[in-house]
Undergrad: 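Here it is, the structure in full.
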Amino acid sequence: MKILFIGDIVGKPGRQICVRAVRPLRAEENLDLVVANAENIAGGSGLTPEIHHELIAAGIDGITMGDHVYKRREIFPLLQTEKRIVRPANYPSSAPGKDHMILRTRQHVPVAVFALQGRVFMPPVDCPFQAAERVLAALPPEVRVILVDFHAEATSDKQLMGRLLDGRVSAVLGTHTHVPTADECILPGGTAFQCDVGMTGPHDSILGRRLDRVKETVLTFRPTHYEVATRDVRINGSIVDIDPETGKAAAIRRIVIDEKKAEELAKN
Ligand SMILES: [Fe+2]
Ligand SMILES: [Fe+2]
């Protein structure tokens, strides 16, 4: 089976290219499941219930969130009730949202998905390695296919997570840096790994934000609004090929869907 994991969707441009391209991409690539990190989708930060519904309607099966999960308060009730969204699992249990979700493909294969947040250059959270163990221990034994979104800054932590979970989950894929890494591989135990799958949004930018705004604030310390950029919109993600019987990954491939390719897909 094939799962596409889409990297941090940023703002309206990121949302629009997903709405246009995900359904035809599902058909073209024969995808069984699509999961996306959408922590930056509402104006660059957070997610609203309306946008969540729009993404599900666009052919995305489940949403992972990262450190921006609580930027829009209107998402709190949905985080509690909706089955197709998770917050990072290493938040306190009192924090709104679920620590894992079990999605199902059309062939009724259960797929567990959870997210973890890193602790380097990020707000302090519980140990992501211990949280991974806790979530794995709680999963029903019939769930063989497991996708982990490690939302973190440090590539060393991401590599360690991949190694610690190797052979026990189908994929450990990173998000948060908004820059795709060229290290995708299958680890010795059969876990697909990549430090970061990248960013879905305007790439003529600084991590999706307007260059002029970031430049002004960083160089002069004058605060500006880091508005979402507009040009060179791309989907970044990776497709993992998984044996549904064993949960082991056989292959991982990076994809980039630019505006031209999205237009072609939408025509078909
Ligand atoms: Fe992000
Ligand atoms: Fe993030």
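Just follow the structure's listing: the first ligand is 1, and inside any ligand the first atom is 1.
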Undergrad: Mind listing the closest non-hydrogen atom pair of Phe193 and Ile252 along with its distance?
TA: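 What the structure gives for the nearest pair is O-CD1, 4.0 Å.
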Undergrad: Give, rounded to 10 degrees, the angle between NE2 (His151) and OE2 (Glu39) as seen from the Fe ion (ligand 2).
TA: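 It is 90°, given to the nearest 10°.
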Undergrad: Under 2.8 Å from the Fe ion (ligand 1) - does any N, O or S atom of Asn40 fall there?
TA: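 Coordinating: yes.
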Undergrad: Between Asp61 and Arg26, what is the shortest heavy-atom contact and its length?
TA: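 Minimum heavy-atom separation between Asp61 and Arg26: OD2-NH1, 2.8 Å.
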Undergrad: Assign the ring pair Tyr70 / Tyr91 to parallel, tilted or perpendicular, where the plane angle (0 to 90°) is split at 30° and 60°.
TA: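 Ring orientation, 0 to 90° scale: tilted.
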Undergrad: Looking only at N, O or S atoms in Asp67, which is nearest to the Fe ion (ligand 2)?
TA: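 The closest N, O or S atom of Asp67 to the Fe ion (ligand 2) is OD1.
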Undergrad: Grab the two heavy atoms, one from Val19 and one from Glu54, that are nearest each other, plus how far apart they are.
TA: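 Nearest pair, atom of Val19 first, then Glu54: CG2-OE2, 3.7 Å.
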Undergrad: Do you see an N/O/S atom of His178, backbone or side chain, under 2.8 Å from the Fe ion (ligand 1)?
TA: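 Of the N, O and S atoms in His178, at least one lies under 2.8 Å from the Fe ion (ligand 1), which means yes.
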Undergrad: Name of the Asp8 N, O or S atom nearest the Fe ion (ligand 1)?
TA: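 It is OD2, the N, O or S atom of Asp8 closest to the Fe ion (ligand 1).
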Undergrad: Using a distance threshold of 2.8 Å, state whether an N, O or S atom of His68 lies below it from the Fe ion (ligand 2).
TA: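 His68 does not place any N, O or S atom closer than 2.8 Å to the Fe ion (ligand 2).
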Undergrad: Report yes or no: do Val35 and Leu116 belong to one cluster of Ile/Leu/Val/Met/Phe/Trp/Tyr joined by side chain heavy-atom distances under 4.5 Å?
TA: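 No, Val35 does not connect to Leu116 through the hydrophobic network.
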Undergrad: Tell me which donor-acceptor pairs under 3.5 Å the side chains of residues 238-247 have, and how far apart each pair is, sequence neighbours excluded?
TA:
residue: Ser238; atom: OG; partner: Gln194; partner atom: OE1; Å: 2.5
residue: Asp243; atom: OD1; partner: Glu245; partner atom: N; Å: 2.8
residue: Thr246; atom: OG1; partner: Lys248; partner atom: N; Å: 3.1

Undergrad: Do you know which N/O/S atom name in His176 is closest to the Fe ion (ligand 2)?
TA: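 Per the distance ranking, His176 contributes ND1 as its closest N/O/S atom to the Fe ion (ligand 2).
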